[in-house]
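Only one structure is covered here, and it is reproduced in the block below.
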There are 2 protein chains.
Amino acid sequence: VNSELQTQTQKYRQLVSALIDKYLAKDKPESLYEPMRYALQGGGKMLRPTLALIACCAVGGNEKDALDAAAAIELAHNFTLVHDDIMDNDEMRRGRDTVYKKWDANVGILSGDALLVKAYEALNQVNSAYLPRTLKEFNQAILKVCEGQALDMEFESRQDVTLEEYYYMIDRKTARLFSLSCVTGAILGGGSETEIESLRTFGLELGRAFQIQDDLLDLLADQKTLGKDIGSDIQANKKTFLMLYIREHADEQTLLQLAGFQKKTRLTDEDIQWVIDVMEKVGAVDGAKNQVRDALADARAALEHLQDTESRHLLSAMLDTLEHRTF
Amino acid sequence: VNSELQTQTQKYRQLVSALIDKYLAKDKPESLYEPMRYALQGGGKMLRPTLALIACCAVGGNEKDALDAAAAIELAHNFTLVHDDIMDNDEMRRGRDTVYKKWDANVGILSGDALLVKAYEALNQVNSAYLPRTLKEFNQAILKVCEGQALDMEFESRQDVTLEEYYYMIDRKTARLFSLSCVTGAILGGGSETEIESLRTFGLELGRAFQIQDDLLDLLADQKTLGKDIGSDIQANKKTFLMLYIREHADEQTLLQLAGFQKKTRLTDEDIQWVIDVMEKVGAVDGAKNQVRDALADARAALEHLQDTESRHLLSAMLDTLEHRTF
């Protein structure tokens with residue numbers, strides 16, 4: 001099934017890429033359209049549109065029915081990335097300069113805006129019988145993503161963020177687009193209400209697992225940069241799962257010492273080793289792994305409400321891949 | 001007719017305002033929704049939604065049919081203002097701090113994004129039989145507004161912008177939303193193709209007149225600030241109608257002297273008086289007035305394709321008001 005998944009996802013990536021290229025075809029002025037094309041050429045994993053197409057097939061639809069909506073979701077996802085990178089001062093993405101770094105913040109704002117409008121243009125190509133419902137789901141999801149980003153920014157200036165608030169935030173900022181992808185595919189494939197809602201749950205849980213794993217992998221991916229990342233996360237007061245887990249599980253004295261680190265201009269190697277030790281002691285990494293495992297199990301359970309098809313196997317295989325991913 | 005116009009526009013402003021308040025009802029997080037509500041509370045003239053409602057009635061529709069779309073257009077208009085103010089570093093609008101000045105650029109980016117999504121939410125409430133067409137017109141128009149803003153920013157770093165390019169730019173940045181308002185109203189009111197296209201032309205020409213007049217009034221509104229405005233326009237290399245008119249009609253020596261002004265850190269009162277004299281000599285103000293008059297005449301001609309109704313009289317009265325407005 002795994003090699004079948006690779007074949008299908010590659011095929012879907014190509015279909016969606018070609019369609020997105022069509023939507024972003026050369027147009028004037030170049031100062032607007034070139035950054036838009038650049039943003040989409042980073043070669044992401046295209047998980048979201050792939051999910052939409054598989055979900056569509058999983059309810060008995062034809063992948064073509066969801067292709068424009070899949071492109072719309074990928075365009076909208078990249079709109080959020082371009083704007084988030086400005087707000088978060090992120091200069092690198094997928095190994096390249098971000099749009100605002102390569103050009104400037106104004107270009108980032110405007111080309112991001114236009115990407116969102118292009119997403120709606122793609123969405124308008126779906127079967128018009130399904131348009132009102134699809135558009136409603138789409139609007140609600142993008143609004144939730146904005147809410148999630150607003151919360152993420154709020155969190156940076158707060159010391160008392162809880163893990164519960166973190167879950168609430170990632171449900172909006174990350175998981176919602178995964179959920180939207182599955183729901184949209186299911187609607188456009190002519191799925192029943194049960195199928196649509198099962199795929200909504202599947203997407204949401206998969207998205208939760210994806211985000212917590214991302215926080216984890218950011219730290220574990222390259223042991224050489226482990227210290228640097230932890231250091232910058234602490235100093236930027238970033239609310240990652242791991243840092244929040246420490247805050248909820250460490251004793252008061254440890255927390256006081258941690259708070260003190262934020263006032264330091266630079267953390268020493270000893271400071272960083274100390275944080276890693278604390279993380280170990282409170283079991284933060286295991287805590288993250290448990291959360292990922294639970295979410296993936298819930299996603300898997302949701303699949304049981306679907307017919308036993310090749311596409312359902314692919315969705316299941318995606319969970320396997322996610323469970324074992326190391327990048 | 002003029003007092004009838006005032007009564008109707010006031011009624012329409014209240015209808016649209018109430019609906020927008022509903023769309024922006026209190027929601028979490030406040031850090032996202034408060035700036036959105038703030039942006040809409042400036043008390044603009046609401047020309048665009050008013051046009052949509054009158055256009056709807058002018059083709060025999062009921063104003064209620066276009067109310068959600070009218071709210072959508074006003075929300076989208078304010079999305080462009082919030083983002084443009086960041087890009088243009090404008091700190092004041094309608095006598096109040098702009099969103100990005102009152103909060104910061106990140107809040108401006110995110111609340112602007114969410115306003116655009118809210119616009120699509122409002123648009124999704126139109127009669128679903130008309131949704132695909134209305135959404136298509138809406139997407140195309142917002143994209144053109146983005147293109148116009150990109151051009152406007154490009155122009156700031158160029159010396160050779162022509163009046164023709166200026167017209168091309170304002171057709172996108174300004175006139176297109178007026179045109180969209182009229183077209184949307186006409187579609188939702190069940191207008192014929194002739195009526196829809198006549199109202200498209202009407203809106204476009206009215207929008208052109210509006211923008212050129214805006215450039216003119218910015219300078220003439222307050223004689224005391226005349227010098228200051230001209231000075232800052234020259235130094236910011238702003239491509240207003242008046243400056244471009246000078247560039248196309250003044251002799252080479254005058255242009256060289258004007259170019260020199262951009263290198264000065266500060267213009268003297270004599271410099272500014274000199275520019276005003278040049279403007280007088282080449283007839284820039286009369287040139288602007290002629291353009292406004294021509295556009296209004298074309299708008300008026302477009303109305304002749306509509307049935308002779310009370311609403312058509314209102315549209316005609318709007319042209320009269322515009323012709324004589326001084327603010």
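To find a chain, count down the sequence lines: A is the first, B the second, and so on, and within it residues start at 1.
Options B:Ile142, B:Val145, B:Leu131 differ in how many heavy-atom pairs under 4.5 Å they form with chain A, and the most are formed by B:Leu131. When each of B:Gly108, B:Gly112, B:Ala114 is scored by its heavy-atom pairs under 4.5 Å with chain A, the top score falls to B:Ala114. The greatest number of non-hydrogen atom pairs below 4.5 Å with chain A, out of B:Asp27, B:Val107, B:Asn106, is found for B:Asn106.
Between A:Tyr120 and B:Tyr120, the ring-plane angle classifies as parallel under the 30° and 60° cut-offs.
Side-chain contact between B:Tyr168 and A:Lys28 is present, with at least one heavy-atom pair separated by less than 4.5 Å. B:Pro132 is listed as a side-chain neighbour of A:Asn124, based on a closest heavy-atom distance under 4.5 Å. Side-chain atoms of A:Ile109 and B:Ile86, non-hydrogen and from C-beta on, do get closer than 4.5 Å to each other. Side-chain atoms of A:Ser31 and B:Met153, non-hydrogen and from C-beta on, never get closer than 4.5 Å to each other.
To the nearest 0.5 Å, the span separating CG on B:Leu110 from NE2 on A:His83 amounts to 9.5 Å. Between the CG atom of A:Leu32 and the CG atom of B:Leu151 there is a distance of 8.5 Å, given to the nearest 0.5 Å. Taking CG of B:Asn139 as the start and CG of A:Leu123 as the end, the distance is 9.0 Å to the nearest 0.5 Å. Separation of atoms CD (B:Glu121) and CD (A:Gln140) is listed at 6.5 Å; rounding is to 0.5 Å.
B:Cys146 and A:Asp113 get closest at one heavy-atom pair: SG-CB, 4.1 Å.
Remark: A:Glu164 CD is loosely packed, at most 12 non-hydrogen atoms of other residues, nucleotides or ligands lying under 6.0 Å away.
Proximity to chain B (any heavy atom under 4.5 Å) is restricted, for A:Leu116, to the side chain, taken from C-beta onward. In this structure, chain B has a heavy atom under 4.5 Å from the side chain of A:Glu154, while its backbone stays farther away. Looking at B:Phe79, the atoms closer than 4.5 Å to chain A (heavy atoms on both sides) all sit in the side chain, from C-beta outward. Heavy atoms of A:Tyr33 lying under 4.5 Å from chain B belong exclusively to its side chain.
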